[in-house]
Peer 1: 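The following block contains the structure, expressed as structure tokens.
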Number of protein chains: 2
Amino acid sequence: MQQMTQRDLDPMDLRILDVLQQNGNASAAEIAEQVGLTATTAWRRISRLEEEGIIRQRVALLDREAVGLTVMVFATVRLSSQGRDAIEKFKQAVRKHPEILECYTMLGETDFLLRIVTRDIKAYEAFYLDYLSRFPGVQVVNSSIALAPIKETTALPLTKA
Amino acid sequence: MQQMTQRDLDPMDLRILDVLQQNGNASAAEIAEQVGLTATTAWRRISRLEEEGIIRQRVALLDREAVGLTVMVFATVRLSSQGRDAIEKFKQAVRKHPEILECYTMLGETDFLLRIVTRDIKAYEAFYLDYLSRFPGVQVVNSSIALAPIKETTALPLTKA
DNA sequence: GCGATCCTGAAAGAAGTGTTTCAGAACCGG
DNA sequence: CCGGTTCTGAAACACTTCTTTCAGGATCGC
């Protein structure tokens with residue numbers, strides 16, 4: 001997370017990143033072997049990618065159901081047409097609540113899209129009534145429950161197919 | 001990814017998982033120190049959480065913009081009312097395309113929600129025209145572009161606030 | 001209250017880790 | 001061509017890693 005200069009990643013960098021997207025714990029030596037580099041060179045490239053912030057973070061992904069979070073909701077939010085002030089307060093509220101995993105400003109008929117995760121439907125109801133619907137500036141909320149995931153990955157498409 | 005028996009995670013497990021959600025590279029010793037356990041015990045718990053599949057995967061998260069993927073779209077899809085056969089083919093098509101990161105069956109007015117990532121808007125247009133709109137059974141697609149992320153995390157809420 | 005089981009944690013070890021160093025190869029501008 | 005810079009990769013390093021072992025403590029059923 002250092003420089004914002006848009007560097008061009010060569011195909012080798014992309015292959016390294018692709019390995020790391022699948023296995024965040026892969027060691028330099030392991031990656032070197034998979035992409036066909038020497039261990040030192042691979043290591044140097046990896047640290048560079050880290051320094052530049054192209055590799056943002058390494059995380060463990062958990063099984064949502066296994067930790068008891070059975071409900072996942074996508075909610076669209078429309079704010080009432082007020083000053084920018086309300087928007088900033090809305091964002092702060094969003095960031096404060098851990099059950100909101102993601103929130104994006106949207107282009108189109110709705111202002112925001114949120115991905116929310118809770119223990120069960122009762123918990124979502126409570127979250128909706130007590131918090132979300134009362135967030136600063138909120139006018140309309142439209143909640144849709146996500147059922148079975150058909151696909152669910154964090155790996156970005158890096159191969160220029 | 002071994003047993004599906006819903007085990008009860010005690011507070012200590014949750015704290016371990018929380019550390020790993022933030023830093024997927026944390027070693028057993030490091031975690032032990034952070035949660036207040038002995039290294040051996042922490043290690044044993046971590047391997048158990050891995051065996052049980054509660055820790056699904058360790059990955060590196062990349063900076064989407066930095067790798068040149070500037071466009072992110074949420075698309076809702078409605079299938080034409082056909083047999084289950086079309087649905088299965090639709091799912092296969094979804095899984096085959098790396099620009100689709102996520103896809104969920106939805107409860108409500110739309111059948112599926114997809115998160116799609118592409119190099120630029122032209123690339124999305126191409127993907128939409130050449131593939132998505134032609135996926136088996138697709139009747140209506142509604143694409144909304146996501147702008148600035150207000151919040152973006154993979155960390156599930158584990159503390160029972 | 002006792003035996004058997006389970007859980008704990010210190011110690012030990014081999015294997016692997018990231019990182020630096022250094023000599024040589026490759027490359028480039030002029 | 002030739003001087004200087006950059007890139008490469010083997011070797012070495014100290015350190016950390018995961019993992020097993022083992023003895024002692026705790027726990028449980030009966």
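By convention in this document, chain letters (A, B, ...) are assigned in the order of the sequence lines, proteins followed by strands, and residues within each chain are numbered from 1.
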Peer 1: B/R58: what forms a salt bridge (charged side-chain N to carboxylate O under 4.0 Å, His left out) with it, not counting sequence neighbours?
Peer 2: B/E50
Peer 1: My understanding is that only residues two or more places apart in sequence, or in another chain, count here; which of them pass side chain to side chain contact (heavy atoms under 4.5 Å, CB included) with B/Q92?
Peer 2: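 Expected list: B/E88.
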Peer 1: For B/R45 and C/dC7, what is the distance between atoms CZ and P respectively, to the nearest whole Å?
Peer 2: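 So the two atoms are 10 Å apart, to the nearest Å.
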Peer 1: One character per nucleotide, please: for nucleotides 13-19 of chain C, 5' to 3', B when the base has a protein heavy atom closer than 4.0 Å, S when only the sugar-phosphate does, - otherwise.
Peer 2: ----SSB
Peer 1: For DNA chain C, what string of dots and brackets results from 5' to 3' when Watson-Crick and G-U pairs need both distances under 3.5 Å, crossing pairs get [ ], and pairs with another strand get |?
Peer 2: ||||||.||||||||||||||||||||.||
Peer 1: Could you tabulate the donor-acceptor pairs under 3.5 Å formed by side-chain atoms of residues 106-114 of chain A, not counting sequence neighbours?
Peer 2:
unit_1: A/T110; atom_1: OG1; unit_2: A/V77; atom_2: O; d: 3.1
unit_1: A/D111; atom_1: OD2; unit_2: A/L79; atom_2: N; d: 2.8

Peer 1: Without decimals, in angstroms, what is the distance between A/E33 CD and D/dA10 C1'?
Peer 2: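 Checked: the CD to C1' distance equals 17 Å.
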Peer 1: Starting from C1' on C/dC6, measure out to CZ on B/R48 and report it in whole angstrom.
Peer 2: 12 Å
Peer 1: Which residue pairs pass the ring-ring contact (aromatic ring centres under 6.0 Å, His included) test when at least one of the two sits in residues 33-75 of chain A, sequence neighbours left out?
Peer 2: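 Pairs touching residues 33-75 of chain A that pass the test: A/F74-B/Y104.
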Peer 1: Using a 3.5 Å distance criterion without hydrogens, assess whether the side chain of B/R95 forms a donor-acceptor pair with backbone atoms of A/I150.
Peer 2: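 Side chain of B/R95 to backbone of A/I150, a donor-acceptor pair under 3.5 Å: yes, one is there.
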Peer 1: Between protein and nucleotides 22-27 of chain C, what N or O pairs are separated by less than 3.5 Å?
Peer 2:
none

Peer 1: List for me each residue that meets side-chain hydrogen bond (donor to acceptor under 3.5 Å, both in side chains) alongside A/D130, sequence neighbours excluded, and say none if there are none.
Peer 2: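 In terms of side-chain hydrogen bond (donor to acceptor under 3.5 Å, both in side chains), with neighbours along the sequence ignored, A/D130 is linked to no residue.
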Peer 1: Suppose we screen for salt bridge (charged side-chain N to carboxylate O under 4.0 Å, His left out). Which residues come up paired with A/D18, at least two apart in sequence or across chains?
Peer 2: none
Peer 1: Please report, rounded to the nearest Å, how far the P atom of D/dT19 is from the CD1 atom of B/I46.
Peer 2: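 After rounding, the reported distance stands at 10 Å.
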Peer 1: According to salt bridge (charged side-chain N to carboxylate O under 4.0 Å, His left out), who are the partners of B/E152, at least two apart in sequence or on a separate chain?
Peer 2: none
Peer 1: Please collect all side chain to side chain donor-acceptor pair (under 3.5 Å) contacts where either partner lies in residues 131-149 of chain B, sequence neighbours excluded, each pair once.
Peer 2: B/Y124-B/S143
Peer 1: Quick one: salt bridge (charged side-chain N to carboxylate O under 4.0 Å, His left out) partners of B/K96, sequence neighbours excluded?
Peer 2: none
Peer 1: Starting at atom CD1 of B/I31, determine the distance to atom C1' of D/dT16, rounded to an integer number of angstrom.
Peer 2: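 After rounding, the reported distance stands at 14 Å.
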Peer 1: Look at the side-chain N and O atoms of B/T41 and state whether any lies under 4.0 Å from the OP1 or OP2 oxygen of C/dT8.
Peer 2: no
Peer 1: For the hydrophobic clusters of this structure (ILVMFWY residues joined by side-chain heavy atoms under 4.5 Å, transitively), does one cluster hold both B/V59 and A/L158?
Peer 2: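 Different clusters.
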